[in-house]
Amino acid sequence: MRRRRLVRLSSGPDANPVSALRIILGDQLSREMSSLRGLDPEQDVVLMMEVMGENTYVAHHKQKIVLVLSAMRHFAETLRQEGVRVDYVALDDPDNSGALTTEIQRAARRHAPDRLVVTEPGEWRVLEMVQTWGALTGKPVEIPPDERFFASRARFADWTRGRRTWRMEHFYREMRREHAILMEDDKPAGGDWNFDAENRKALPKATAPPARLRFLPDDTTRAVMALAAARFGGHFGDLDDFGWPVTRANALRALEDFITAGLPRFGDYQDAMKAGAPFLFHSLLSPALNIGLLSPREVCAAAEEAWRSGAAPLNAVEGFIRQILGWREYIRGVYWTLMPDYLERNALEARRALPSFYWTGDTPMRCVSQVIGDTRRHAYSHHIQRLMVTGNFALLAGVAPHEIERWYLAVYADAFEWVEAPNTLGMAVFADGGQMASKPYAASGAYIDRMSDFCGSCAYDVKQKTGAGACPFNYLYWAFLIRQKDRLAHNPRLAMPYRTLSGWPAERQAAITAEADAFLDGL
Ligand SMILES: Cc1cc2nc3c(=O)[nH]c(=O)nc-3n(C[C@H](O)[C@H](O)[C@H](O)COP(=O)(O)OP(=O)(O)OC[C@H]3O[C@@H](n4cnc5c(N)ncnc54)[C@H](O)[C@@H]3O)c2cc1C
Ligand code: SF4
């Protein structure tokens, strides 16, 4: 019964004349989308399409596929209940052609609309498709901007003008002022812009992470889970623990849960890692934000309100708002300003193939196996796990940027290229040579040991720098600095390690390089 309502079989032109064919893509699931502005339920049709191409251009984690398809189906139902005519092409519709562009052509024939309307897509790849739709359908295509973000693409491009480097912190302060968030008159709340120095604590052994709200799959989600298991069984990731919100109502409940259970200690422990506790005090809101179930504005407003009402301290609230108003907006700006060449960057000339344990988690390095295991189970890991464990390893090992970038795009529920690619290329593996980060986020095992409880039961010894049984992050770190000396030694933020290195005799440096090479060749 439900499926018949979702699937509209293609036939001849629409009986009622269609004014606008309004297209909603899988990450545009908000009633506030600019493409729905002025929607006339009598004259317009909303088109939504589940296509193989969007699920397989990289082999997405099964949970990401379920998240997007289930949320699309729920959103279509919400629109229908409002009286909107929705043409929904399901993945298993026998006439489904498998790609967005060919589905647009079919829909244009079906409805003969006067015009197409689609909010600018989040990814370059999709924008290139959209730009062909006018010629292919013979209809005018309106592409209004995506207004869910605080900063338009033009606003970010303006900000970069005349700047040699683009530091997030400078952009963030402008956003705080411009949007009057966490401000007291024209001063930052609490007198400081940034409370990061208070936000780098390891988790005390006695501190138990809070239970987090997860959502049991409803009928719609279960149907999509069965579809995903049948069609995408070979993709990375498990489905058993699927718990992401797929409706706006549940996304709002997830936000509320974070504000009470996570936010008060988010700041203190945002960099901490603990075996068996992948979520800690993080918000888990990126999947809902990225597909449109929540808006960044309402999330920041809820966090600010928690501080103003005394429910959360300023270091936590500022730290959290910086992630969204600062990092998320900045990353999107970088993406749209530097694409499409950005994806080709490889400033450190890294060429190694991605080790197979990124897919299996099968490695004695406990930090890596733990993070990859959680990723497989939840399609999630938090920022420091991505940056300082899997990202750090790829950087130190010299994995080719394109390979690690495609991996991140494949394995997370929140992975969309506009946010994933700059984080991977710019932050994790320094492939842009410092456009975003002032130095590579390279670290030895000591960092992971300080911020986690992984090392205690690892097969390797984090205190041992070289030799059998030494933590690989230790010698890989020094071998990386030796290998990249010509490119990085002049970086003032790396002055200290390069000073240490300059005190080591050539034989010691050669021995470290040989040990690192032997380890990497054995992967
Ligand atoms: C290599 C790498 C790849 C990443 N790929 C993605 C991705 O595909 N999609 C994605 O949404 N985030 C990505 N991030 C950023 C960040 O890791 C995730 O946003 C975060 O872990 C999501 O979990 P959370 O919602 O619990 O975040 P929280 O820690 O609770 O942070 C709150 C929110 O801030 C935003 N945010 C935080 N850090 C960043 C950041 N660096 N860039 C952009 N937004 C940020 C997210 O919307 C997040 O939901 C990546 C980071 C790295 C280092
Ligand atoms: S000892 Fe090294 S490899 Fe093992 S968990 Fe610690 S940092 Fe990771």
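We use all heavy atoms of the structure for the numbers below, so side chains are in, but hydrogens, waters and symmetry mates are not. Small disclaimer: the values here were computed from a predicted structure and weren't measured.
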Report the distance from atom CG of L476 to atom CZ of R483, rounding to the nearest 0.5 Å. 8.0 Å
Please list, chain by chain and in numerical order, all residues satisfying side chain to side chain contact (heavy atoms under 4.5 Å, CB included) with E304, sequence neighbours excluded. I181, L182, R308, I321
Interatomic distance, CH2@W159 vs CZ@R155, rounded to 0.5 Å, equals 9.5 Å
Go through the structure and list residues passing side chain to side chain contact (heavy atoms under 4.5 Å, CB included) with K187, not counting sequence neighbours. none
Test item: side-chain donor near acceptor, E169 and W193, under 3.5 Å: no
Testing the 3.5 Å rule here: is there a donor-acceptor pair between the side chains of R366 and S457? yes
Between D432 and R345, does the salt bridge (Lys or Arg N to Asp or Glu O under 4.0 Å) criterion hold? Intermediate values first, please. CA-CA 6 Å; D432 67 5; R345 301 270 183 108; 5.2 Å; no
Indicate the atoms forming the closest heavy-atom contact of V411 with H61, along with that distance. O-CD2, 3.3 Å
Can you tell me if NZ on K465 sees more than 12 non-hydrogen neighbours from other groups inside 6.0 Å? yes
Going from NZ on K485 to OH on Y498, what distance comes out if it is rounded to the nearest 0.5 angstrom? 8.0 Å
For N315 and N199, which I'm curious about, is there any donor-acceptor pair between the side chains at under 3.5 Å? yes
When rounded to the nearest 0.5 angstrom, what is the spacing between CD1 in I448 and CD1 in I384? 10.5 Å
Please name all residues satisfying side chain to side chain contact (heavy atoms under 4.5 Å, CB included) with N346, sequence neighbours left out, ordered by chain then number. A350, R351, P401
Between T390 and Y408, do the side chains contain an N or O donor and an N or O acceptor separated by less than 3.5 Å? yes
Determine, for E174 against R163, whether the closest basic-nitrogen to carboxylate-oxygen distance falls under 4.0 angstrom. yes
What residue pairs, at least two apart or across chains, pass side-chain hydrogen bond (donor to acceptor under 3.5 Å, both in side chains) with a residue in residues 511-523? none
Give the C-alpha distance, both sets of side-chain angles, the deciding distance and a yes or no for salt bridge (Lys or Arg N to Asp or Glu O under 4.0 Å) between R148 and E298. CA-CA 10 Å; R148 289 175 292 177; E298 71 192 341; over 6 Å; no
Closest approach of I259 and A306, non-hydrogen atoms and distance? CG2-CB, 3.9 Å
Tell me, please, which residues at least two apart from R332 pass side chain to side chain contact (heavy atoms under 4.5 Å, CB included). E120, D146, F149, R153, W336, W418
Examine the side chains of Y335 and E417 and answer whether a donor and an acceptor come within less than 3.5 Å of each other. yes
Residue pairs meeting salt bridge (Lys or Arg N to Asp or Glu O under 4.0 Å), one or both in residues 253-265, sequence neighbours left out, come to R212-D257
Answer with yes or no whether the side chains of Y342 and T337 bring together a donor and an acceptor at under 3.5 Å. no
Rounded to the nearest 0.5 angstrom, the CE-CD distance for M339 and E123 is 8.5 Å
